[in-house]
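Position 1 is the first residue of the sequence, and the numbers go up from there.
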Amino acid sequence: MVAQAGKDLLLKLDYAGSGTFESVAGLRSRRLALNASPVDITDAQSVGRWRELLAGAATRHASLSGSGLFRNKASAEKVRSAFFAGELKNWQLILPGFGTLEGPFHLSALEYSGDYRSEVTFEIALESAGPLTFTPTP
């Protein structure tokens with residue numbers, strides 16, 4: 001992956017479940033973590049009591065967090081509604097020069113903050129809630 005402007009990383013939401021994604025926020029900072037938790041199969045018979053892992057059996061998950069500004073009032077309402085409803089929604093993360101990550105996420109945190117001399121900002125945290133697809137950038 002070559003150097004890209006951080007501002008080009010986009011977060012989109014399929015609010016209606018129609019497969020149509022729309023940008024919901026201008027994220028000023030963001031973080032994506034892809035993880036694979038291994039399955040430990042170590043037992044009393046393991047050679048030298050060294051840990052043994054089961055190949056191909058890791059539990060994979062993704063976490064996304066970011067902070068920024070909502071695009072507009074409608075975007076803010078859609079994200080807020082998804083949080084209060086506790087619904088799993090399909091989200092899409094556009095990683096410029098790399099690809100697109102898409103799938104169901106649980107909106108696990110939504111925080112608002114602001115300074116009296118500037119705009120209200122928000123922080124969001126998403127946790128994957130099912131299989132994700134990755135489409136590389138051509």
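- Follow the hydrophobic side-chain contacts under 4.5 Å out from F21 and you never reach W91; the two are in separate clusters.
- A 4.5 Å side-chain heavy-atom check between T100 and L93 finds every atom pair outside the cut-off.
- Checking E127 against S108 by side-chain atom types alone, no donor-acceptor pair falls below 3.5 Å.
- The distance from atom CG of N35 to atom OG of S63, rounded to the nearest 0.5 Å, is 6.0 Å.
- Looking only at distances, a side-chain donor or acceptor of S81 sits under 3.5 Å from a matching main-chain atom of E77.
- Seen from the ring of Y15, K89 counts as a face-on cation partner, given the 6.0 Å and 45° thresholds.
- One finds the CG atom of L101 at 7.0 Å from the OG1 atom of T133 (value rounded to the nearest 0.5 Å).
- In terms of heavy atoms, T20 sits closest to D14 at O-OD1, 3.4 Å.
- For the residue pair L126 and L107, the shortest heavy atom distance occurs at CD2-CA, 3.6 Å.
- Transitive grouping of hydrophobic side chains (ILVMFWY, heavy atoms separated by less than 4.5 Å) keeps L69 and I94 in distinct clusters.
- No continuous path of hydrophobic side-chain contacts links L88 to F83 [ILVMFWY only; heavy atoms under 4.5 Å].
- Residue-environment remark: CD (Q45) stays at or below the threshold of 12 foreign heavy atoms within 6.0 Å.
- Between the NZ atom of K78 and the NZ atom of K73 there is a distance of 13.5 Å, given to the nearest 0.5 Å.
- Using cut-offs of 30° and 60° on the angle between ring planes, the pair F70 and Y112 is tilted.
- Under the 4.5 Å side-chain heavy-atom criterion for grouping Ile, Leu, Val, Met, Phe, Trp and Tyr, I124 is connected to F84 within one hydrophobic cluster.
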Open item on the list: Working note: T42 + E52, criterion side-chain hydrogen bond (donor to acceptor under 3.5 Å, both in side chains); need CA distance, chi angles, decisive distance, verdict.
Closed with: CA-CA 5 Å; T42 309; E52 295 181 57; 5.7 Å; no

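- Among all heavy-atom pairs drawn from G103 and L132, the shortest one is CA-CD2, 3.6 Å.
- When all heavy atoms are compared, the tightest approach of D40 to L53 is CA-CD2, 4.0 Å.
- Residues T121 and S67 bring no donor and acceptor atom of their side chains to less than 3.5 Å of each other.
- The shortest side-chain heavy-atom distance between V24 and K12 does not fall under the 4.5 Å cut-off.
- Remark: side-chain polar atoms of T137 are paired, donor with acceptor, to backbone N or O of G99 under 3.5 angstrom.
- If you take CD on E102 and OG1 on T135, they are separated by 7.0 Å, rounding to the nearest 0.5 Å.
- Rounded to the nearest 0.5 angstrom, L54 CG and I41 CD1 are separated by 5.0 Å.
- Residues S75 and E22 come closest through the heavy atom pair OG-OE2, 4.5 Å.
- Between H106 and A129, the closest heavy-atom pair is N-CB, 4.1 Å.
- By the 4.5 Å heavy-atom criterion applied to side chains, H61 and S37 are counted as neighbours.
- Atom CZ in R51 sits 11.0 Å away from atom OG in S46 (nearest 0.5 Å).
- Looking only at distances, a side-chain donor or acceptor of R71 sits under 3.5 Å from a matching main-chain atom of S23.
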